[in-house]
Amino acid sequence: MTAGPAEQGSLPGVTDRLRHRDVTSIALPIILSNATEPLVGYVDTVVIGRYGGGAHLIGGVALAAIIFNNIYWIFGFLRMGTTGLTAQAAGAGDVPEIFANLIRALAVAAVAGLVLVAAQGPLLDLFLWLMGGSEKVNAAVSDYFQVRIWGAPAALANFAMVGWFIGLGRANIAFAIQLILNGINIVLAVAFVFGLGLGVTGVAAAILVAEIAAVIAGGILAWRELVARNAEPAAAKLLDAERIKTMVAVNRDVIIRTACLIFAFSFFASQGARAGDLALAANAVLMSIAMIFVYMLDGFAFAAEVLVGQAVGAKRPDRFRDAIRLSTQWALVFALGFSLVLLLGGGLMIDFTTDEAPVREAARTYLWWAAMIPIVGIWCYQLDGIFIGATGTRQMRNMAMVSVAGYLVVWSILAPAFGNHGLWAAILIFLALRAVTLAAVLPALAREKFGEGMPPLWGGR
């Protein structure tokens, strides 16, 4: 654990040229893992829907899930920041720093989770006020929230551990943790609601137990990983002021960037609501369908994070170039396929999602906009992965703020003239702006990390 750099060397494979299977071995487990996410929400909806008790229970579970999604999205830095920093430590063969990254991330997760638990009363009151649901819906939200919030430390610890495993290139382990979480959640939701008759509380208890089980399983797997690397605690490394400063800066920047994204998509939803109930429903149906494919595309962004981070840690500009090129090639192929699936099969997906004829008709009107999300968005998703892997989070933060400003300007021009079509055009332009602005500062990121100009992405070997 205390060996010097020469003794440690770099991790196996970092000295080699990247191959396509290096990308797919990371991306495919993440794609499969992310594909299970919508299934959990769907099962929860079906369980409550068939349990009976009225539409307010379904609405309550849906709103409560949105609350936790928004809370945990803010803490996404625990996953993203940990991935980038760990990948760089792995590329440099710095085993003590690999260990320290995990401990630091888990410490932040524990503190943040306990703060959320302690502040659960004011948090619940704030979200109930913002959501503006009926009395019955709010009661269901409260029942769900007051159970699930106790799992916040475990949920955030899972973010940290998944990010750590992905940073090590062990996406298969991250996939296993996610399968444990989702599988237990689904089984217990059915058992608690139908077997014990716990209703909304049962759904919340199911995910609470699943989060705790996943963090225990993740802890065991992490310990095995550390033992295999002959890792031992190193207090000096763990408390290194510069490393902690870097972690704080990375996490701060990712939080601001994430807040910009939350604002952009919340603004999209709110403006759809102003356009009328029909436009709101159509937009919600289309965005929920498109996001399934976006989550799956994240697999290649995750691959970029890992491989770029390793290249930066190993000081390998050629590997940096290859990581960008190969991960983007795969991402583009899948994005084209997903857009085609949405364009040709989106009507069937709409019909499966809702049986309301007016909503179906309205959603079909805007379907081609939603079908463009994968092919337009893939560029900013990939660039996010590149910048996270290189811990270029300051640039990510700044470009996100610039893109939000541009998005509002474009919306102010297009929405009054073209209505909901203008709103869809604005959100797509927002994705494009994020890609263009990040691409513009990518050469500077390369110079910062390697002391030279950006290697040609598509050149020969």
Side-chain angles (χ1 to χ4, degrees), residues 20 23-24 26-39 41-42 69 73 76 80 171 257-258 260-262 264-265 268-269 272 282-305 324-353 363-388 396 399-400 403 407 410 420-421 423-439 457:
H20 285 286
V23 175
T24 56
I26 298 169
L28 294 181
I30 300 300
I31 289 172
L32 293 173
S33 173
N34 287 352
T36 66
E37 286 296 316
L39 178 62
Y42 179 71
N69 287 342
W73 197 6
M80 290 181 277
R257 167 260 187 193
T258 302
C260 288
L261 300 191
I262 291 175
F265 284 96
F268 175 85
N283 289 355
V285 167
L286 290 172
M287 192 60 79
S288 66
I289 293 171
M291 285 300 106
I292 295 173
F293 295 99
V294 168
Y295 285 136
M296 289 192 285
L297 283 175
D298 265 350
F300 298 104
F302 283 23
E305 290 178 30
I324 295 172
R325 179 171 59 86
L326 294 180
S327 64
T328 303
Q329 285 175 355
W330 278 98
L332 183 57
V333 169
F334 273 72
L336 285 168
F338 289 160
S339 283
L340 190 61
V341 168
L342 273 168
L343 195 60
L344 299 180
L348 293 176
M349 297 177 194
I350 292 168
D351 291 346
F352 181 78
T353 305
R364 279 178 165 79
T365 301
Y366 306 110
L367 174 61
W368 67 281
W369 287 111
M372 292 173 66
I373 288 179
I375 194 59
V376 173
I378 188 59
W379 305 103
C380 66
Y381 307 149
Q382 282 301 110
L383 283 160
D384 271 352
I386 293 163
F387 277 80
I388 290 169
M396 281 180 61
M399 296 308 103
S403 298
Y407 167 54
V410 169
N420 201 46
H421 285 289
L423 180 60
W424 275 100
I427 198 68
L428 285 168
I429 290 172
F430 169 67
L431 297 177
L433 282 173
R434 291 187 59 225
V436 169
T437 54
L438 285 172
L457 299 184

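These figures come from a predicted structure and were not determined experimentally.
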Classify the ring geometry between Phe430 and Tyr407 as parallel (under 30°), tilted (30 to 60°) or perpendicular (over 60°).
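Tilted: the ring planes of Phe430 and Tyr407 meet at 30° to 60°.
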Using 30° and 60° as the class boundaries, would you call the ring planes of Phe300 and Trp330 parallel, tilted or perpendicular?
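Parallel: the ring planes of Phe300 and Trp330 meet at under 30°.
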Short side-chain to backbone donor-acceptor contact, Thr328 and Arg325, under 3.5 Å:
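Here the side-chain-to-backbone pair does not exist.
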Got a second to check how far [X]'s [atom1] is from [Y]'s [atom2], nearest 0.5 Å?
X      : Y      : atom1 : atom2 : answer
Leu431 : Ile375 : CG    : CD1   : 12.0 Å
His421 : Leu423 : NE2   : CG    : 11.0 Å
Gln382 : Leu297 : CD    : CG    : 8.5 Å
Trp424 : Met287 : CH2   : CE    : 4.0 Å
Leu383 : Met399 : CG    : CE    : 12.0 Å
Ile388 : Phe302 : CD1   : CZ    : 8.0 Å

Worked verdict on Asp351 versus Arg364 for side chain to side chain contact (heavy atoms under 4.5 Å, CB included)
CA-CA 10 Å; Asp351 291 346; Arg364 279 178 165 79; 2.9 Å; yes
Check whether any side-chain heavy atom of [X] lies under 4.5 Å from a side-chain heavy atom of [Y], and answer yes or no.
X      : Y      : value
Arg257 : Asp384 : yes
Gln329 : Val23  : no
Phe338 : Met296 : yes

Minimum heavy-atom separation for [X] to [Y], with atom names?
X      : Y      : value
Ile378 : Ala331 : CD1-CB, 3.5 Å
Ile350 : Leu286 : CD1-CD2, 3.9 Å
Leu428 : Val376 : O-CG1, 3.6 Å
Ala290 : Ala370 : CB-O, 4.2 Å

Who are the side chain to side chain contact (heavy atoms under 4.5 Å, CB included) partners of Val333, not counting sequence neighbours?
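So Val333 forms no side chain to side chain contact (heavy atoms under 4.5 Å, CB included) with any residue.
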